[in-house]
A.B. asks: 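One structure, pasted below without further comment.
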Amino acid sequence: MATFLSKLGRLAFRRKGVTLLLWLLVFVGMGVAASSAPAPPADTFSMPGTESQEAFDLLTEKFPDASVDGATAQVVVRAPAGTKITTPATRTEVERLVTELEVSSPQVVGVADPYESPAVSISEDGTTAYTVVTYKVPAAEVDDEAHDALDAATEKAREAGLTVEAGGDAVKIEQAMGGTGEQIGILVSAFVLVLTFGSMIAAGMPLITALIGVGIGISGITALGSTFGLSGTTSTLAMMIGLAVGIDYALFIVSRFRAERAEGRTPEEAAGQAVGTAGSAVVFAGLTVIVALAGLAVVNIPMLTKMGLAAAGTVAVAVLVAITLVPALLGLAPVKVMARRGRLRYAVKPLSDRQRRRAARHEAKLARRTRPNLGTRWARYVLRHPVVVLLVGVIGLGTVAVPAASLELGLPGEGQMSTQTTQRKAYDLLSESFGPGFNGPLTITVQTVSADGTGTASAGTPADARKTGDEIGKALARTPGVASVSPAAANKAGDTAILTVVPTTGPTEKKTEELVHALRDTADDLERSTASRILVTGQTAMFIDFSQTLDDALLPYLALVVGLAFVLLMVVFRSVLVPLKAALGFLLSVAAALGAVVAVFQWGWLADVFGIDAPGPIMSTMPIFMIGVVFGLAMDYEVFLVSRMRESYAHGARPGEAVVDGFRYGGRVVGAAAVIMMSVFSGFIVEDNDFVKMIGFALAIAVLFDAFVVRMAIVPALFALLGRSAWWLPKWLDRILPRVDVEGERIAGTQPAARSPRESTLVG
């Protein structure tokens with residue numbers, strides 16, 4: 001592996017023009033393909049094998065005339081203080097609003113008049129009413145004209161003295177990603193790169209190559225969107241993790257190139273050595289990330305599977321960019337990529353007398369600097385106090401992880417949006433006037449079956465289906481937690497009826513989840529006595545099933561990614577204990593990050609500091625996404641840091657010396673990579689949406705724990721305690737495992753040029 005990559009790096013360095021041209025053609029070609037591809041399909045959400053999805057499919061089949069895919073906007077109207085919604089003047093304004101909504105956009109197919117069904121659409125105190133605006137297109141296809149028309153109609157009603165707010169999937173989302181906080185994070189990243197390298201050229205390479213890799217990956221997703229059903233949101237995870245690993249991989253190789261140049265190698269030799277060693281680490285780190293992302297398929301939710309595979313493809317592109325494009329760019333600036341101070345010592349052209357004097361002064365200054373770098377000093381401290389460092393790290397993370405035992409999963413809803421949004425205001429108005437369960441109604445489907453119990457639909461009349469549905473509704477109404485049950489509505493074929501159950505609790509409350517399970521248990525008993533098939537669905541039930549599906553898949557997913565990564569790391573490091581501690585350390589950091597998320601976003605600790613409006617359940621997709629992203633970054637840091645230790649150990653260093661060498665060369669780079677990722681993720685914390693805050697906080701805190709506590713403290717402490725045992729591998733296993741030579745033992749000229757002990761402490 002190292003020999004092949006070294007030759008590849010040398011070739012890319014020598015043929016930099018051809019390499020750059022090829023990547024430019026790929027970049028432009030993918031851009032052209034993306035721009036000419038058909039529009040990506042709208043987002044579709046399905047959960048095969050769940051009761052909610054089965055019921056939804058049944059509704060689509062049995063009620064074809066119903067607009068189950070059309071977007072809706074629920075417009076809530078409250079009368080001025082001291083008046084009723086039925087007051088003539090108020091009613092005139094409400095009816096004017098209904099008319100305005102009906103003619104506002106050609107995408108609108110209907111608007112319900114609240115006065116036609118006052119028992120349903122007007123609150124008991126008579127102060128509040130709501131109307132539902134139905135669109136003929138899904139939410140993703142509601143255009144700006146329709147959004148603007150809805151906003152204009154509601155604003156006009158407000159000017160007339162009414163309190164008007166709108167919720168539903170047809171309402172424009174007011175919070176947007178990519179705000180000022182994210183821009184600050186990127187600026188901080190650039191600043192950290194400049195500080196790390198002391199060169200604008202070296203700092204710019206990881207950013208430029210990462211953006212190129214992400215651009216190619218996202219363009220590929222767009223180009224293949226219509227073919228493979230990849231919606232516009234499929235690229236979300238690909239962009240996030242592609243940018244993260246792209247910066248890391250380029251950072252690792254550029255840093256190794258600079259270290260090899262400091263060893264006295266020529267630019268081409270340094271490029272070959274950097275790609276052969278750091279590039280090998282990049283390849284295997286990339287493989288672990290791809291395993292983690294592709295492993296999302298075990299969840300059996302098509303949307304997550306597509307997102308995972310798309311992100312895995314983007315990571316593969318990032319690896320190819322790192323081992324080919326980065327050395328080609330290094331070939332364009334082999335000297336300017338070095339730190340500005342002392343750059344003259346690497347000049348390839350003859351120096352003038354003035355330049356020689358400057359170089360001599362710099363060499364003399366280096367000779368006077370005998371203090372080891374921070375990574376070296378920290379590694380030596382850990383080697384002297386391994387037990388203390390290990391206990392502090394493990395106990396500290398374990399304490400932070402305690403709240404994770406109370407983790408409750410849910411999906412984002414309008415009740416968790418910022419209190420400044422119209423969706424949240426509409427949600428609160430409905431809860432106050434109609435009860436908290438009104439925002440999360442459940443839909444019950446009742447399908448009559450044949451007398452022989454085969455499950456085949458039994459034909460009848462709509463009246464028969466309604467009668468059966470009403471009987472079942474009366475039985476379900478006796479279930480604790482049910483506020484009301486609507487009359488049944490039957491389809492034209494007379495074999496299926498639907499009814500609506502309104503809970504007494506809100507859609508994200510634990511009691512509502514218990515109610516769904518209780519209704520399903522009751523339905524199982526009713527099916528036998530009514531010769532019918534009863535299913536519970538609705539958005540709230542689908543969210544509950546989605547959370548349960550993810551919860552059930554979490555442990556199998558962890559076992560898959562950690563198990564496969566264990567095998568990969570065992571091949572890389574020729575050790576059993578190194579991958580074992582890497583996996584255990586990752587699980588510890590993830591548990592601590594989940595504990596911090598639960599404490600802040602579920603329990604409400606420091607809610608005012610982070611601007612959290614409504615603490616509640618943790619977003620169901622967050623743990624899975626966090627595991628995928630953080631696992632990738634954690635294995636990056638593990639592979640790069642420990643591969644330098646393995647390389648030093650393979651070249652004859654004692655275990656303690658190998659740890660010091662790993663931190664001397666890799667500590668600063670891993671620290672810089674972690675700070676960059678924390679800066680980018682922290683930018684999301686200042687967004688208005690609580691769930692965007694949650695993702696940013698979770699990823700930032702997880703990187704902090706994994707990079708600085710696990711990789712920088714617990715890992716070297718364990719190496720110090722294990723000694724040579726850390727590299728133990730049974731002989732029979734050593735014969736079976738393939739040899740990939742990540743440490744570069746087989747690369748020609750791998751031994752570094754001679755250098756003084758003083759000089760060795762200054763590198764990195």
A.B. asks: Is there side-chain contact between Pro716 and Leu383, with at least one heavy-atom pair below 4.5 Å?
C.D. replies: no
A.B. asks: Between atom CE of Met622 and atom CG of Leu407, what is the distance when rounded to the nearest 0.5 Å?
C.D. replies: 7.0 Å
A.B. asks: Could you tell me which non-hydrogen atom of Leu577 sits nearest to which non-hydrogen atom of Ser725, and how far apart they are?
C.D. replies: CD1-O, 3.4 Å
A.B. asks: Do any N or O atoms from the side chain of Ser648 and from the backbone of Arg644 form a donor-acceptor pair under 3.5 angstrom?
C.D. replies: no
A.B. asks: Rounded to the nearest 0.5 Å, how far apart are CZ of Phe191 and CD1 of Ile676?
C.D. replies: 12.0 Å
A.B. asks: Can you find a pair of side-chain heavy atoms, one from Leu554 and one from Ile627, that are under 4.5 Å apart?
C.D. replies: yes
A.B. asks: Taking all non-hydrogen atoms of both residues into account, name the closest pair between Val561 and Ala292 and its distance.
C.D. replies: CG1-CA, 3.4 Å
A.B. asks: So do the side chains of Val600 and Ile701 get within less than 4.5 Å of each other, counting heavy atoms only?
C.D. replies: no
A.B. asks: Report yes if some heavy atom in the side chain of Met626 is under 4.5 Å from a heavy atom in the side chain of Leu594; otherwise report no.
C.D. replies: yes
A.B. asks: So, the side chain of Trp378 versus the backbone of Gly667: is there a donor-acceptor pair under 3.5 Å, distance only?
C.D. replies: no
A.B. asks: Between Ile714 and Gly393, which heavy-atom pair has the shortest distance, and what is it?
C.D. replies: CD1-C, 3.9 Å
A.B. asks: Can you list everything that forms a side chain to side chain contact (heavy atoms under 4.5 Å, CB included) with Asp608? Sequence neighbours excluded, please.
C.D. replies: none
A.B. asks: To the closest 0.5 Å, what do you measure between CG (Leu304) and CG (Leu309)?
C.D. replies: 11.0 Å
A.B. asks: Should the pair Glu514-Lys510 be classified as a salt bridge under the 4.0 Å nitrogen-to-oxygen rule?
C.D. replies: no
A.B. asks: Indicate the atoms forming the closest heavy-atom contact of Leu193 with Leu207, along with that distance.
C.D. replies: CD1-CG, 3.7 Å
A.B. asks: For residues Asp661 and Glu647, determine if any side-chain heavy atom of one lies less than 4.5 Å from a side-chain heavy atom of the other.
C.D. replies: no
A.B. asks: Test side chain to side chain contact (heavy atoms under 4.5 Å, CB included) on Leu588 and Leu584; report intermediate values, then the result.
C.D. replies: CA-CA 6 Å; Leu588 183 60; Leu584 294 177; over 6 Å; no
A.B. asks: Please confirm whether the backbone N or O of Val214 pairs with a side-chain atom of Thr314, one donor and one acceptor, at under 3.5 Å?
C.D. replies: no
A.B. asks: Can you find a heavy atom in the side chain of Met619 that is under 4.5 Å from one in the side chain of Phe601?
C.D. replies: no
A.B. asks: Classify the ring geometry of Tyr249 against Phe252: parallel below 30°, tilted from 30° to 60°, perpendicular beyond 60°.
C.D. replies: tilted
A.B. asks: If we check side-chain contact (heavy atoms from CB on, under 4.5 Å) with Val275, which of these qualifies: Val283, Val282, Ile323?
C.D. replies: Ile323
A.B. asks: Do the non-hydrogen side-chain atoms of Leu397 and Val710 ever get within less than 4.5 Å of each other?
C.D. replies: yes
A.B. asks: Quick check for you: to the nearest 0.5 Å, what is the distance between Ile736 atom CD1 and Leu729 atom CG?
C.D. replies: 9.5 Å
A.B. asks: Does Arg261 use its side chain to pair, donor to acceptor, with the backbone of Arg265 at less than 3.5 Å?
C.D. replies: yes
A.B. asks: Specify the closest pair of heavy atoms between Ala250 and Val326, including all atoms of both residues, with the distance to one decimal.
C.D. replies: CB-CG2, 3.9 Å
A.B. asks: How long is the span from the CZ atom in Phe663 to the CG atom in Leu374, to the nearest 0.5 Å?
C.D. replies: 10.0 Å
A.B. asks: For Phe708, which of Val670, Val675, Val703 qualifies under side-chain contact (heavy atoms from CB on, under 4.5 Å)?
C.D. replies: Val675
A.B. asks: Passes side chain to side chain contact (heavy atoms under 4.5 Å, CB included), Met635 versus Leu568? Steps please.
C.D. replies: CA-CA 11 Å; Met635 293 305 103; Leu568 282 173; over 6 Å; no
A.B. asks: Can you say whether the rings of Phe586 and Phe631 are parallel (under 30°), tilted (30 to 60°) or perpendicular (over 60°)?
C.D. replies: perpendicular
A.B. asks: For Glu408, is there any backbone N or O sitting under 3.5 Å from a side-chain donor or acceptor partner on Gln602?
C.D. replies: yes
A.B. asks: Taking Ser643 for the side chain and Phe640 for the main chain, is one N or O donor matched with an acceptor at less than 3.5 Å?
C.D. replies: yes
A.B. asks: Under the salt bridge (charged side-chain N to carboxylate O under 4.0 Å, His left out) definition, can you give me all pairs with a residue in residues 697-706, not counting sequence neighbours?
C.D. replies: Asp706-Arg711
A.B. asks: Between Glu657 and Arg664, does a salt bridge (charged side-chain N to carboxylate O under 4.0 Å, His left out) hold up when you go through it step by step?
C.D. replies: CA-CA 10 Å; Glu657 293 175 341; Arg664 177 185 300 134; over 6 Å; no
A.B. asks: Do Arg574 and Asp734 meet the salt-bridge criterion of a basic N to acidic O distance under 4.0 Å?
C.D. replies: yes
A.B. asks: Side chain to side chain contact (heavy atoms under 4.5 Å, CB included) for Arg256 and Tyr665? Distances and angles first, verdict last.
C.D. replies: CA-CA 8 Å; Arg256 185 58 186 257; Tyr665 295 108; over 6 Å; no
A.B. asks: Please report the closest heavy-atom contact between Tyr637 and Ala674, naming both atoms and the distance.
C.D. replies: OH-CA, 3.5 Å
A.B. asks: Distance check, rounded to the nearest 0.5 Å: Glu260 atom CD versus Thr277 atom OG1?
C.D. replies: 6.0 Å
A.B. asks: Side chains of Phe566 and Val576: closer than 4.5 Å at any heavy-atom pair?
C.D. replies: yes
A.B. asks: Given Met677 and Leu699, is the side chain to side chain contact (heavy atoms under 4.5 Å, CB included) satisfied, shown in steps?
C.D. replies: CA-CA 9 Å; Met677 291 303 100; Leu699 295 178; over 6 Å; no
